[in-house]
A.B. asks: 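Input: one structure, supplied below.
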Amino acid sequence: MELLKAENLVKVYKTESDEVLALKGVNLSLIEGEFSLLMGASGSGKSTLLHILGTLDRPTSGRVLYRGEELFKLPEKELARFRNRKVGFVFQFHYLINELTVVENVMVPLLIRGVSEKEARKRAEEVLNSVGLEHRLSHRPFEISGGEKQRAAVARALVTEPEIVLADEPTGNLDSKTAHSVISTMKRLNRETGTTFLIATHNSELESFADNVYFIKDGVIVNQTK
């Protein structure tokens with residue numbers, strides 16, 4: 001079943017003296033439960049596309065449909081609710097809060113939703129166990145490795161039980177062995193939970209994990225493989 005669809009997405013960034021055309025009519029269709037990659041060089045439009053698909057940014061023109069509903073026709077309050085309940089985000093930089101423990105970091109999205117602290121902690125511990133961080137619950141981010149930070153970020157994205165996870169270069173700061181471990185964890189969770197994943201990357205070594213690979217160049221999807 002089609003979960004998320006982009007139709008003719010155009011994004012123009014305006015500066016005082018120029019315009020930058022970041023997306024030039026992108027069309028993309030994500031199937032529920034798939035583990036997909038969005039591949040392209042730096043500056044190809046990967047991050048811009050992910051931000052628009054996750055409604056963190058708006059397109060200049062074009063549509064994004066989620067289960068057939070046009071997202072950018074929704075009021076901002078409904079878009080915020082969509083992001084909190086349907087989408088998990090993982091970024092190249094983990095954005096963990098150093099003052100909080102690992103388990104407290106993962107609890108944050110649930111607390112924002114209004115879940116009780118007791119229930120949030122229980123669910124955070126469960127998802128941290130699933131990514132192999134049960135021994136790091138009380139550690140702070142500066143006390144764990146880069147790979148563990150990214151797995152914690154994956155846990156934070158999954159704790160709300162989203163329907164889709166959008167990951168922007170989640171292995172960009174990791175060595176190849178650690179990157180392989182993090183992506184393997186995400187792939188396993190995809191199989192176990194049925195959560196849809198779209199991962200933006202320039203790392204061709206990750207293609208073997210994907211059900212579907214989209215290639216983007218100069219703001220246009222130029223190829224798709226399965």
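Residue numbers run from 1 in the order of the sequence given.
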A.B. asks: Does a donor on one side chain and an acceptor on the other come within less than 3.5 Å for Thr101 and Glu104?
C.D. replies: yes

A.B. asks: Check the pair Thr160, Arg113 against side-chain contact (heavy atoms from CB on, under 4.5 Å), reporting the backbone distance first and the verdict last.
C.D. replies: CA-CA 9 Å; Thr160 58; Arg113 186 183 287 189; 3.3 Å; yes

A.B. asks: Once salt bridge (Lys or Arg N to Asp or Glu O under 4.0 Å) is applied, do any residues pair with Arg121, and if so which ones, sequence neighbours excluded?
C.D. replies: none

A.B. asks: State whether the number of non-hydrogen atoms from other residues, nucleotides or ligands found under 6.0 Å of Glu205 atom CD is greater than 12.
C.D. replies: no

A.B. asks: What distance separates Met107 CE from Asn105 CG, expressed to the nearest 0.5 Å?
C.D. replies: 10.5 Å

A.B. asks: Would you mind reporting whether Val10 and Lys24 have side-chain heavy atoms less than 4.5 Å apart?
C.D. replies: no

A.B. asks: About how many Å separate NZ of Lys122 and CG of Leu110, when rounded to the nearest 0.5 Å?
C.D. replies: 11.5 Å

A.B. asks: If you look at every heavy atom in Arg156 and Pro109, which pair is closest and at what distance?
C.D. replies: CG-CG, 3.7 Å

A.B. asks: Does any part of the side chain of Leu50, heavy atoms only, come nearer than 4.5 Å to the side chain of Phe89, both counted from C-beta?
C.D. replies: no

A.B. asks: Determine the minimum heavy-atom distance between Pro162 and Gly88, stating which atoms define it.
C.D. replies: CB-N, 3.5 Å

A.B. asks: Side chains of Asp168 and Ser47 only: does a donor on one sit below 3.5 Å from an acceptor on the other?
C.D. replies: yes

A.B. asks: Walk me through it: do Ile221 and Asn27 pass the test side-chain contact (heavy atoms from CB on, under 4.5 Å)?
C.D. replies: CA-CA 7 Å; Ile221 299 292; Asn27 293 287; over 6 Å; no

A.B. asks: Taking Glu2 first and then Arg67, would you say they form a salt bridge - that is, a charged N and a carboxylate O separated by under 4.0 Å?
C.D. replies: no

A.B. asks: Report yes or no: does Lys46 contribute a side-chain atom to a donor-acceptor pair with the main-chain N or O of Gly40 at less than 3.5 Å?
C.D. replies: yes

A.B. asks: Tell me whether Arg188 contacts the main-chain N or O of Ser130 through its side chain, where contact means a donor paired with an acceptor under 3.5 Å.
C.D. replies: yes

A.B. asks: Where is the tightest heavy-atom contact between Asn203 and Thr201, given as atom of each residue plus distance?
C.D. replies: N-OG1, 2.9 Å

A.B. asks: Check whether any side-chain heavy atom of Arg83 lies under 4.5 Å from a side-chain heavy atom of Glu78, and answer yes or no.
C.D. replies: no

A.B. asks: Sort and list the pairs that fulfil ring-ring contact (aromatic ring centres under 6.0 Å, His included) and have at least one residue in residues 153-174, not counting sequence neighbours.
C.D. replies: none

A.B. asks: Drop me the distance from Ser44's OG to Leu38's CG, to the nearest 0.5 angstrom.
C.D. replies: 7.0 Å

A.B. asks: Side chains of Glu125 and Val103, heavy atoms from C-beta outward: is any pair under 4.5 Å?
C.D. replies: yes

A.B. asks: Answer whether the closest heavy-atom distance between the side chains of Ile216 and Met39 falls below 4.5 Å.
C.D. replies: no

A.B. asks: Please give me the minimum heavy-atom distance between Leu9 and Arg63, naming the atom from each residue.
C.D. replies: CD2-O, 3.5 Å

A.B. asks: Distance-only criterion, 3.5 Å: show the donor-acceptor pairs between side-chain atoms of residues 137-144 and protein atoms not counting sequence neighbours.
C.D. replies:
| from | atom 1 | to | atom 2 | distance (Å) |
| --- | --- | --- | --- | --- |
| His139 | NE2 | Arg136 | NH1 | 3.3 |
| Arg140 | NH1 | Glu99 | O | 2.4 |
| Glu143 | OE1 | Arg140 | N | 2.8 |

A.B. asks: Less than 4.5 Å apart, any side-chain heavy atom of Leu133 and any of Glu148?
C.D. replies: yes

A.B. asks: Treating Ile, Leu, Val, Met, Phe, Trp and Tyr as nodes and any side-chain heavy-atom pair under 4.5 angstrom as an edge, say whether Leu28 and Tyr66 lie in one connected cluster.
C.D. replies: yes

A.B. asks: Test side-chain contact (heavy atoms from CB on, under 4.5 Å) on Val26 and Asn8 and set out the steps.
C.D. replies: CA-CA 5 Å; Val26 167; Asn8 300 314; over 6 Å; no

A.B. asks: Is there a path of hydrophobic side-chain contacts, each under 4.5 Å between heavy atoms of I/L/V/M/F/W/Y residues, joining Ile164 to Leu65?
C.D. replies: no

A.B. asks: Between Lys187 and Asp211, does any side-chain N to carboxylate O distance fall below 4.0 Å?
C.D. replies: yes

A.B. asks: Could you name each residue pair satisfying ring-ring contact (aromatic ring centres under 6.0 Å, His included) that touches residues 183-224, not counting sequence neighbours?
C.D. replies: Phe35-Phe197, His180-Phe209

A.B. asks: Are Leu96 and Leu166 linked, directly or through other ILVMFWY residues, by side chains that come within less than 4.5 angstrom of each other?
C.D. replies: no

A.B. asks: Can you give me the closest heavy-atom contact between Leu198 and Leu37, atom names plus distance?
C.D. replies: CD1-C, 4.1 Å

A.B. asks: Heavy-atom count check: over 12 atoms from other residues, nucleotides or ligands less than 6.0 Å from Glu119 CD?
C.D. replies: yes

A.B. asks: Give, for atom NZ of Lys5 and atom CD1 of Ile31, the distance between the pair rounded to the nearest 0.5 Å.
C.D. replies: 9.5 Å

A.B. asks: What distance separates Lys118 NZ from Arg123 CZ, expressed to the nearest 0.5 Å?
C.D. replies: 14.5 Å

A.B. asks: Excluding sequence neighbours, so at least two apart, what forms salt bridge (Lys or Arg N to Asp or Glu O under 4.0 Å) with Asp57?
C.D. replies: Lys11

A.B. asks: Start with the C-alpha distance between Arg58 and Glu76, add both sets of side-chain angles, then the distance that settles salt bridge (charged side-chain N to carboxylate O under 4.0 Å, His left out), and finish with yes or no.
C.D. replies: CA-CA 11 Å; Arg58 288 178 176 268; Glu76 189 56 46; 3.6 Å; yes

A.B. asks: Which residue pairs pass the ring-ring contact (aromatic ring centres under 6.0 Å, His included) test with at least one member in residues 9-32, sequence neighbours excluded?
C.D. replies: none

A.B. asks: If you compare all heavy atoms of Ala120 against all heavy atoms of Leu111, which two are closest, and at what distance to 0.1 Å?
C.D. replies: CB-CD2, 3.9 Å

A.B. asks: Which distance, rounded to the nearest 0.5 Å, do you find between the CG of Asn190 and the CD1 of Ile183?
C.D. replies: 11.0 Å

A.B. asks: Without hydrogens or angle criteria, can the side chains of Glu32 and Thr196 be said to hold a donor-acceptor pair below 3.5 Å?
C.D. replies: no

A.B. asks: Going only through I, L, V, M, F, W and Y residues with side-chain contacts under 4.5 Å, is there a path from Val108 to Tyr95?
C.D. replies: no

A.B. asks: Are Thr185 and Arg151 linked by a side-chain donor-acceptor pair shorter than 3.5 Å?
C.D. replies: no

A.B. asks: For the hydrophobic clusters of this structure (ILVMFWY residues joined by side-chain heavy atoms under 4.5 Å, transitively), does one cluster hold both Val159 and Leu100?
C.D. replies: no

A.B. asks: With a 4.5 Å cut-off on side-chain heavy atoms, are Leu189 and Glu192 touching?
C.D. replies: yes

